Structure formats: structure tokens, C-alpha cells
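Model, not experiment: these values are computed from the prediction.
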Amino acid sequence: MQLRPLGATGMRVSPIGFGASPLGNEFGDVSQEESTRAVHEAIDRGINFFDVSPYYGRTLAESRLGLALQGKRDKVLLATKCGRYDTDRFDFSADRLRSSIDESLQRLRTDRVDLFQAHDIEFGTQRQIEEETVPALREIQKSGKARFIGITSYQLELMVRIIERTPVDTVLSYCRFNLLVRDMDDLLTPVAKEKRIGLINASPLHMGLLSESKIPAWHPAPQPLRDTAERVRNLCRDRGVNPVQAGLSYCVQHSYVATTLVGMASVEQVRTNLGALDLCLEQSLLDEIEAAVAPTRNLVWPSGLRENADYSRRLC
Ligand code: NAD
């Protein structure tokens with residue numbers, strides 16, 4: 001698989017990355033055995049970037065991924081996060097980050113991660129993230145427990161404000177660049193590119209809306225977006241195209257995104273998703289999808305502190 005540079009880190013990552021949140025039962029129950037098989041299949045087929053967080057399954061995903069990676073740790077680049085521990089439990093303080101990395105390393109059965117990211121920073125204040133969180137991440141990097149550091153958020157302008165003043169190695173955006181919503185390129189990509197910060201695009205299926213999988217109760221998408229997703233799925237199916245592969249194929253064409261993280265928890269999903277690398281969507285289908293998504297184009301939902309919300313967004 002053709003690897004891509006992750007910003008200026010020197011790391012080269014697979015265009016499709018393994019999103020491990022489903023290993024924490026975030027989208028429905030899966031077993032350790034199934035998780036392990038999916039992880040091994042992904043490694044065997046050339047996926048080298050794995051992303052997890054203590055938040056996913058409230059540490060379950062990290063524990064499962066750690067078990068699955070036993071004996072294979074050197075084959076992958078491993079990213080985890082800190083600062084978010086439950087739907088409403090956040091702590092971006094330096095003290096918590098220092099204990100968080102040790103807990104994650106233990107669950108992941110390794111002595112360092114390749115990327116350590118502050119998770120969903122829109123739930124912290126910009127001031128704390130800049131003055132305490134990022135410096136603490138750099139300290140952890142200096143200690144050798146993480147090779148590189150990054151931030152993740154649904155709110156793109158917040159990440160831009162931070163990277164303009166406080167450099168990090170990577171930024172992760174989710175649900176802001178895919179067949180349904182595409183404002184990542186208006187807001188975040190140009191700055192990340194100019195600063196050679198690695199850009200990670202997550203949730204190419206809009207956290208499952210473009211798949212046939214059951215939508216979890218926590219999913220924040222408003223009904224109009226769900227309806228649009230259904231229309232897009234139907235358009236794809238009418239052409240004999242798997243909507244999951246269509247959604248992924250679109251995302252991996254991005255010229256600056258290093259890796260597109262898709263949540264997977266079975267061998268079958270890994271195989272189907274990698275099939276997207278060989279798919280080229282017909283322009284006429286893309287045009288139909290474009291027309292179908294126009295009414296809800298760039299519809300976003302609230303996330304985090306009000307002061308961190310992207311400006312002039314249409315909140316739903
Ligand atoms: P996603 O868009 O990748 O969708 C995941 C859903 O799609 C799951 O229900 C999964 O079972 C289903 N799916 C995947 N492949 C399928 C297939 N071939 N057939 C049928 N269904 C399929 O959403 P996501 O998992 O939220 O995002 C991917 C990863 O990105 C996460 O696992 C996580 O690692 C990362 N992420 C990070 C953040 C953050 O840091 N704030 C936010 C969102 C996602």
C-alpha cells in the first residue's frame with residue numbers, strides 16, 4: 001500500500017487508518033476475538049496506523065487493541081488520546097495528562113505511543129489548551145513516552161487558532177470532510193498544509209450514517225442529515241456501488257489528508273473498506289450525490305464550550 005507522509009513528522013501512514021472506537025463497543029457489542037482478527041487482518045493487508053482513546057468504551061478499546069497488538073506492536077504506528085474520559089468527563093490539566101499516558105501505555109501493552117493527542121479540545125478553554133495542555137504534551141514527548149503530539153476536535157476554527165500560536169505535530173478532524181459535509185477544506189486544511197502539520201480525517205462514514213450499520217443512540221446528527229445520508233446510500237446502491245466504499249473512496253482522494261480513519265471491528269469490514277482504494281467513482285454519481293447533499297450541506301451540531309463553536313455555523 002502506498003504510504004503518505006503525516007505532516008513533517010517523518011511518519012508514513014496508510015491512506016486508510018484503523019479507527020478503534022468500535023473495539024470499545026461504541027457502535028454495538030463486539031468480542032475480543034473478533035477485534036483481534038480485525039486488527040490482524042488490517043495489519044496483514046497493509047494498514048499501519050491505528051487510532052484509539054481511553055474514552056472509547058471507557059478504556060475497553062485501548063485494552064482490546066493492546067491485547068490484539070501483542071507481538072505486532074512494531075508493525076504499526078499507534079495513536080491514542082487524553083483529556084476526554086466520558087461523555088461529560090474532561091480533564092486537560094498537565095497532572096491528568098501525565099497519569100493518562102502511563103495508564104494508556106499499560107492498557108496498550110507498550111512503552112511508547114507514536115502519537116498522543118488531546119481529545120476533543122473544544123470541551124476545554126482555548127487558554128488552558130494553549131498554556132497547559134500542549135506544553136504538557138510536549139513534556140510527555142520529551143520523556144519519550146510519545147513520539148509526536150496532536151489535538152483533535154469537531155470545532156475546526158478552534159484548532160486553527162491554536163496551531164497558529166502553539167504548534168503541534170498533527171490535527172484530527174472528524175465528520176467535516178466526507179460525502180455529506182466538507183467544510184474542513186474551507187477552515188482547517190489550508191493552515192495545516194501551510195504549517196506542514198499532519199492532517200488526519202476521521203469518520204468518513206459520518207460515524208456510520210453512510211453505512212447500513214445500526215446508528216447508536218448517542219449519535220448527534222439531526223434528522224435532516226440522516227435523511228440525506230439515506231438518499232446518498234440509495235443513489236450508490238442504485239448504481240451497484242457499496243455506499244461505504246463510495247464514502248471512503250471519496251475521502252482517500254484528498255490531496256493533503258495523510259490518513260482517513262474508519263471505524264472497523266470485523267475482518268469483513270476491513271476487507272470491504274480496503275476495497276475502496278481500488279474504486280473510482282463516476283463523475284455522474286458524484287454529481288447526483290452533490291445535488292442530494294446540497295440541502296444539508298455543511299450542517300453541523302453543537303459540541304463543546306459555546307465560546308469554541310465555529311463562527312457563523314448553522315447550529316442545529
Ligand atoms: P466512521 O465514519 O468510521 O463510521 C464507523 C461506523 O461505520 C461503525 O458503525 C462501523 O461498524 C461502520 N462501518 C465501518 N466499515 C463498515 C463496513 N465495511 N460495512 C458496514 N459498516 C461499516 O466513524 P468513527 O468510527 O467515529 O470514526 C473513525 C475513527 O476515527 C474512530 O474509530 C476514531 O478512531 C477516530 N475518531 C476520532 C475522533 C476524535 O478524536 N474526536 C472523533 C471521531 C472519530
Side-chain angles (χ1 to χ4, degrees), residues 1-7 9 11-24 26-27 30 34-53 56 61 65 68-69 72 75-81 114-115 117 150 152 170-182 184-185 189 192 198-213 232 236 241-281 286:
M1 198 180 306
Q2 189 95 37
L3 302 180
R4 299 177 181 174
L6 182 60
T9 63
M11 291 195 286
R12 296 180 64 79
V13 294
S14 47
I16 291 183
F18 193 108
S21 66
L23 303 194
E26 292 288 351
F27 294 89
V30 295
E34 203 178 358
S35 305
T36 300
R37 278 196 298 273
V39 167
H40 292 182
E41 180 73 10
I43 294 171
D44 291 347
R45 288 184 175 245
I47 290 179
N48 78 342
F49 188 75
F50 286 71
D51 176 79
V52 71
S53 164
Y56 303 147
L65 184 58
L69 287 177
K72 296 183 186 279
K75 296 185 189 303
V76 305
L77 296 167
L78 182 56
T80 193
K81 313 195 186 84
D114 298 288
L115 181 63
Q117 308 156 99
T152 85
T170 64
V171 286
L172 182 156
S173 150
Y174 71 99
C175 288
R176 301 298 284 268
F177 180 84
N178 57 44
L179 283 176
L180 296 177
V181 169
R182 264 168 246 166
M184 181 182 83
D185 279 357
T189 310
L199 180 57
I200 299 167
N201 182 34
S203 309
L205 311 178
H206 228 66
M207 301 196 294
L209 290 194
L210 290 172
S211 79
E212 307 297 335
S213 301
V232 171
C236 292
V241 176
N242 179 331
V244 166
Q245 290 186 328
L248 264 167
S249 164
Y250 179 81
C251 289
V252 298
Q253 305 296 329
H254 195 285
S255 63
Y256 187 67
V257 166
T259 188
T260 297
L261 287 176
V262 58
M264 302 185 264
S266 72
V267 167
E268 194 193 337
Q269 287 186 346
V270 172
R271 290 183 184 162
T272 303
N273 296 349
L274 283 172
L277 292 174
D278 303 319
L279 182 69
C280 188
L281 296 177
L286 284 170

Would a 4.5 Å heavy-atom cut-off, applied to side chains only, mark [X] and [Y] as touching?
X    : Y    : answer
Q269 : S213 : yes
R45  : R271 : yes
E41  : S266 : no
V171 : L199 : yes
L115 : F49  : yes
T189 : H254 : yes
R4   : T259 : no
D51  : K81  : yes

Within this structure, what is the [atom1]-[atom2] distance for the pair [X] and [Y], rounded to the nearest 0.5 Å?
X    : Y    : atom1 : atom2 : answer
S14  : Q2   : OG    : CD    : 12.0 Å
N273 : S211 : CG    : OG    : 9.5 Å
T9   : R12  : OG1   : CZ    : 10.0 Å
M1   : I47  : CE    : CD1   : 5.5 Å
L274 : I16  : CG    : CD1   : 5.0 Å

Can you give me the closest heavy-atom contact between P5 and A258, atom names plus distance?
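Result for this residue pair: O-CB, 3.4 Å.
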
Of all heavy-atom pairs between A20 and Y56, which one has the smallest distance, and what is that distance?
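Taking A20 first and Y56 second, the nearest heavy atoms are C-CD1, 4.5 Å.
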
Do other residues, nucleotides or ligands put more than 12 heavy atoms under 6.0 Å from the NZ atom of K75?
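For K75, atom NZ is not crowded (no more than 12 foreign heavy atoms under 6.0 Å).
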
Under 3.5 Å, side chain of N201 to main-chain N/O of T260, donor-acceptor pair present?
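Here the side-chain-to-backbone pair does not exist.
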
Are the side chain of N178 and the backbone of G247 linked by a donor-acceptor contact shorter than 3.5 Å?
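Side chain of N178 to backbone of G247: no pair is present.
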
F18 and F50 aromatic ring geometry - parallel, tilted or perpendicular at 30°/60° bounds
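Parallel: the ring planes of F50 and F18 meet at under 30°.
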
